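This is a predicted model, so every value here is computed, not measured.
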Amino acid sequence: MQTFLEEIRAAIAAETGIESPKLETPRDLAMGDVAFPCFVLAKERKAAPPKIAAELEAALNARMERVTAKATGPYLNFTIERAAFAETVLTEIAEHGLCYGTSAEGSGQKIVIDFSSPNIAKPMSVGHLRSTVIGAAIQRLHNALGYETVGINHIGDWGSQFGKLVAAVNRYGDTVDLEGEPIPALLALYVRYHEEEEGDPSLVEEAREAFRELESGVDGPVRQTWKKLTELSLEEFGKIYSRLGVSFDLIRGEAFYEPHLDATVDRVVESGVTEESEGALVVDLSSFGKIPPCLLRKTDGTTLYATRDLAAVFHRWEEFGFTRALYVVGGDQRLHFRQLKHVLERMELDWEPRVEHVDFGMMRLPEGKMSTRKGRVVFLDDVLDAAAAEAAKVIAEKNPELADQATIAETVGVGAVVFNDLKRERVKDIDFRLEEVLSFEGDTGPYVQYTHARLASIERKAGSIDAAPDWSVLESAAGILGQMGRFPDVLRSAARNAEPSELTTFVLALAREVNSWVAKERVLGQEPAVTTARLALVRGARQVIGNSLALLGVGAPAEM
RNA sequence: GCGCCAUUAGCUCAGUGGAUAGAGCAACGGACUUCUAAUCCGUAGGCCCCAGGUUCAAAUCCUGGAUGGCGUACCA
């Protein structure tokens, strides 16, 4: 693909003197594969763009071998000779296989990605799913480009809410089954405590006292309870991560940074940007606009979320010297990360721009924002179960002969949930609707998986055929080839923007082209030269779809 | 009140400052003796939130406004 673009650019440069002409993709494939808008030349040549296009057409054609130029209105459209294009793209994919699309451009650079980060003692909701699948996809994208990545699960295991939780366990712990169903049990305790403290201020004080003891470092009963809660929770989270195929390089709770908190506060104080305000230690940020100060220590001397995140970012900078540190955290925390970055700015740390908040829209229920406190959540496990059950139902109906249906139903069901979460731009809020997640038609994960399975099926039935391919029969596959040629660019852009939806959008478009082609062209049982050419296309398309799904964290079954 | 984010077909969304704004779902009409119909083909559906501005050219950039979401110092 690249070689053709270079040929076109060179021809335009030689003819017009523009050093690196900007090329576009035509609206309609029938017009050409690449377009050059002639508006930029209008002033210089003092002529209307359509006239310039018409004048350049012949000269450009004389300069190019495998590409034809055609003037259409103000545009020069270039069509790459079909057979050469097909051969080039398909040979490249066949040679690189699983590595097609990857590069080594990130070699030697470290990317730290903070994602998932659930709170212990709380169920993983469909809200946490977003951070988990988006973060994991961003990590895989960077890996594919040769970056060295460090995926960190920054577990929420610290803060005054855990004082409340320990107090709740002390008070009502006997009334629930902590060992059997730890998460629902803890959630029930938490909700109950939250409700009852509204009518009883002594509960508020009890919780505060518990956190004070926790943070004091005393290894007493409070700490023991807290440790137990952490272990139970991590075990439960592990089950979900394994279903999602997600793993971490480091699992570090906020508690990990606890020993660094004093040094962190000292460091900020020594940089001279702190002040005392209303009894708390703060960093004033008013020079950045209307933005509240960042609190480092409360009046009672305990630390806050921001203090712990500062400790974490300092620690990570010293440990990894990252090129980028990505925080895959919901958009409701935009202010927090702006404050965090502004503190770094005020401290004049030149690596501040490397810290990025990769924000994403909220997952909302029809009743409103999810709230653990109010018991208004949808459990991720239940959604995955429902999706797998739906997939099993569809398989039983459409492909009852299929072997190992339970495994494939899990792959398809989980794939549907993951894909659904990655398919729109990160920043968009989502109204959670189960029926939408369970839909397997159209722009969905199962649609892409199905496309992959169909192609794999053709390959299986083809056996081995030995004949020189007649690439010219792939004329009708120009759309597929064009998409496949774009794949390396899509990966680069998706990683740079930390935007997995660029990849889902791409793979959906490719799958649509493929299904359309498969419906009208037959692969097997043709002239050998025709079958080999079409089979090469099938293999290439299956490879690119498979590579895309792997990067997204969606399984690609060979049958379904 | 103030700040941040969003607004494109009935619904969910794509859309590099450039050509006639595109998909999926839902609706309607077609295609399974043939490589998986979780598919494909077709019909219909648009003041790209509004008003100004910049530009040869604006859904896209700028300003103001509307609507919705989130946030707004001792939760995370």
- Query: Say you pick atom P in B:C70 and the same atom in B:C47; how far apart are they, in whole Å?
  - Reply: 28 Å
- Message: Taking A:D443 first and then A:R424, would you say they form a salt bridge - that is, a charged N and a carboxylate O separated by under 4.0 Å?
- Response: no
- Presence of salt bridge, A:K341 and A:E345, under 4.0 angstrom: no
- Does the side chain of A:I12 come within less than 4.5 Å of A:L23's, by heavy atoms? yes
- What residues 421-433 of chain A contributes to the RNA chain B interface at heavy-atom separation below 4.0 Å is A:R424, A:E425, A:V427, A:K428, A:D429, A:R433
- Message: So, does A:Y450 get its side chain near the phosphate of B:A38, meaning an N or O under 4.0 Å from OP1 or OP2?
- Response: yes
- Using the P atom on both, measure B:A57 against B:G68 and round to a whole Å. 35 Å
- Could you work out the separation of B:C13 and B:A6 based on their P atoms and round it to a whole Å? 14 Å
- Query: A:L310 has an atom CG; how far is it from atom P of B:A76, in whole Å?
  - Reply: 14 Å
- Nearest-angstrom distance from the residue atom CD of A:E499 to C1' of B:A14: 12 Å
- Looking at every strand, decide which applies to A:S277 at a 4.0 Å heavy-atom threshold: base, sugar-phosphate, or nothing. base
- Decide yes or no, distance alone: a donor-acceptor N/O pair under 3.5 angstrom between the base of B:U16 and the side-chain of A:T25. yes
- Checking B:U12, B:U39, B:A19 against the side chain of A:T72 (C-beta onward), the nearest is B:A19
- Between A:E206 and A:K164, is there a salt bridge with N-O shorter than 4.0 Å? no
- Message: Work out how far the C1' atom of B:C48 is from that of B:G17, and round it to whole angstrom.
- Response: 15 Å
- Message: Under 4.0 Å, heavy atoms only, any strand: does A:E254 hit a base, just the sugar-phosphate, or nothing?
- Response: sugar-phosphate
- Test: A:K70 and A:E57 ion pair at under 4.0 Å: no
- The side chain of A:R522 lies closest to which of these nucleotides: B:A76, B:C35, B:C56? B:C35
- Query: Considering only B:G24, B:A73, B:C35, which nucleotide approaches the side chain of A:L295 most closely?
  - Reply: B:A73
- Task: Under 4.0 Å between any heavy atoms, over every strand shown, what does A:A280 touch: base, sugar-phosphate, or nothing? Just pick one.
- Result: base
- Side-chain-base donor-acceptor pair under 3.5 Å for A:N77 and B:A19: yes
- Query: If you measure only the distance, is there a donor-acceptor pair under 3.5 Å linking the side chains of A:S457 and A:E559?
  - Reply: no
- Message: Please classify the nucleic acid contact of A:E24 as base, sugar-phosphate, or nothing, using heavy-atom distances under 4.0 Å.
- Response: base
- Does A:R492 come within less than 4.0 Å of A:D489, counting only side-chain N to carboxylate O? yes
- Message: On RNA chain B, does the nearest nucleotide to A:G331 precede the nearest nucleotide to A:Y305 from the 5' side, or the other way round? Give the residue.
- Response: A:G331
- Would you mind telling me which of B:A73, B:C35, B:A37 lies closest to the side-chain atoms of A:V282? B:A73
- Message: Looking at A:E278 and B:A73, is any side-chain donor or acceptor paired with a base atom of the opposite kind under 3.5 Å?
- Response: yes
- Identify which nucleotide among B:G24, B:A21, B:G71 has an atom closest to any side-chain atom of A:D332, counting heavy atoms from C-beta outward. B:G71
- Would you please confirm or rule out a distance under 4.0 Å between OP1 or OP2 of B:A38 and any side-chain N or O of A:K398? yes
- Testing A:T303, A:L296, A:T302 for side-chain contact (heavy atoms from CB on, under 4.5 Å) with A:L261, which one passes? A:T303
- Roughly how many Å is it from CZ in A:F162 to C1' in B:A76, rounded to a whole number? 8 Å
- Task: State plainly whether the residues A:R192 and A:E196 are in salt-bridge range, i.e. N to O under 4.0 Å.
- Result: yes
- Query: Are A:Y447 and B:A23 close enough that a side-chain N or O sits under 4.0 Å from OP1 or OP2?
  - Reply: no
- Task: Would you mind calling B:C32 syn or anti? Take O4'-C1'-N9-C4 for purines or O4'-C1'-N1-C2 for pyrimidines, and syn is within 90° of 0.
- Result: syn
- Query: Which part of the nucleic acid does A:V538 contact within heavy-atom distance under 4.0 Å: base, sugar-phosphate only, or nothing?
  - Reply: nothing
- Query: Looking across every strand, which nucleic acid part, if any, lies under 4.0 Å from A:A35 by heavy atom: base, sugar-phosphate, or nothing?
  - Reply: base
- Task: Using only side-chain N and O atoms of A:S457, determine if any of them is under 4.0 Å from OP1 or OP2 of B:U36.
- Result: yes
- Message: With nearest nucleotide decided by heavy atoms, which residue, A:T303 or A:P74, maps closer to the 5′ end of RNA chain B?
- Response: A:P74
- Message: Can you check the distance between B:U60 and B:U54, where both ends of the measurement are the C1' atom (answer in whole Å)?
- Response: 14 Å
- Query: Which nucleotide, B:U34, B:A23, B:U20, lies nearest any side-chain atom of A:R512?
  - Reply: B:A23
- Using 4.0 Å as the upper bound for N to carboxylate O, is an ion pair formed by A:E209 and A:R212? yes
- Rounded interatomic separation in angstrom, taking CD from A:E441 and C1' from B:U36: 14 Å
- Donor-acceptor pair (no angle test) under 3.5 Å: A:S501 side chain, B:A14 base: no
- Are side-chain heavy atoms of A:F419 and A:L552 found at a separation under 4.5 Å? yes
- NA contact type, A:T299, heavy-atom cut-off 4.0 Å: base, sugar-phosphate, or nothing? base
- Message: Considering every strand and a 4.0 Å limit on heavy-atom distances, what is the contact class for A:I291: base, sugar-phosphate, or nothing?
- Response: nothing
- Please tell me which of the listed nucleotides, B:A76, B:U36, B:C35, lies nearest to the side chain of A:Q333? B:A76
- Item | Below 4.0 Å: OP1/OP2 of B:U72 and any side-chain N or O of A:R334 | no
- Just checking A:R308: base, sugar-phosphate only, or nothing, at a heavy-atom cut-off of under 4.0 Å? sugar-phosphate
- Can you check whether A:R27 has a side-chain N or O nearer than 4.0 Å to OP1 or OP2 of B:A21? no
- With the side chain counted from C-beta on, respond yes when A:S286 and A:D284 share a heavy-atom pair under 4.5 Å apart, and no when they do not. yes
- Message: Regarding A:L304, tell me which of base, sugar-phosphate or nothing describes its non-hydrogen contacts under 4.0 Å with the strands shown.
- Response: sugar-phosphate
- Task: Under 3.5 Å for both distances, Watson-Crick or G-U wobble, that's the pair rule; now give the dot-bracket for RNA chain B, with | marking pairs to another strand and [ ] for crossing ones.
- Result: (((((((..((((....[...)))).(((((.......))))).....(((((..]....))))))))))))....
- Flag the pair A:R426 and A:D359 as a salt bridge only when some basic side-chain nitrogen lies within less than 4.0 angstrom of an acidic carboxylate oxygen. yes
- Message: Could you tell me how far B:C62 sits from B:C25 if I compare only their P atoms? Round to whole Å.
- Response: 35 Å
- Please state the P separation for the pair B:G22 and B:A26 - nearest whole angstrom. 22 Å
- Note on the structure: Considering only heavy side-chain atoms of A:E436, the closest of B:C35, B:U72, B:U12 is B:U12
- Item | Intermediate values then yes/no, side chain to side chain donor-acceptor pair (under 3.5 Å), A:S501 and A:E499 | CA-CA 5 Å; A:S501 70; A:E499 186 59 90; 3.0 Å; yes
- Roughly how far apart, to the nearest Å, are B:G46 and B:C32 at atom C1'? 35 Å
- Message: By the 4.0 Å heavy-atom rule, please label A:E521 as base, sugar-phosphate, or nothing.
- Response: base
- Item | Short side-chain N/O contact to B:C41 OP1/OP2 from A:S516, under 4.0 Å | yes
- Would you mind classifying the nucleic acid contact of A:P293 as base, sugar-phosphate or nothing, using non-hydrogen atoms under 4.0 angstrom? base
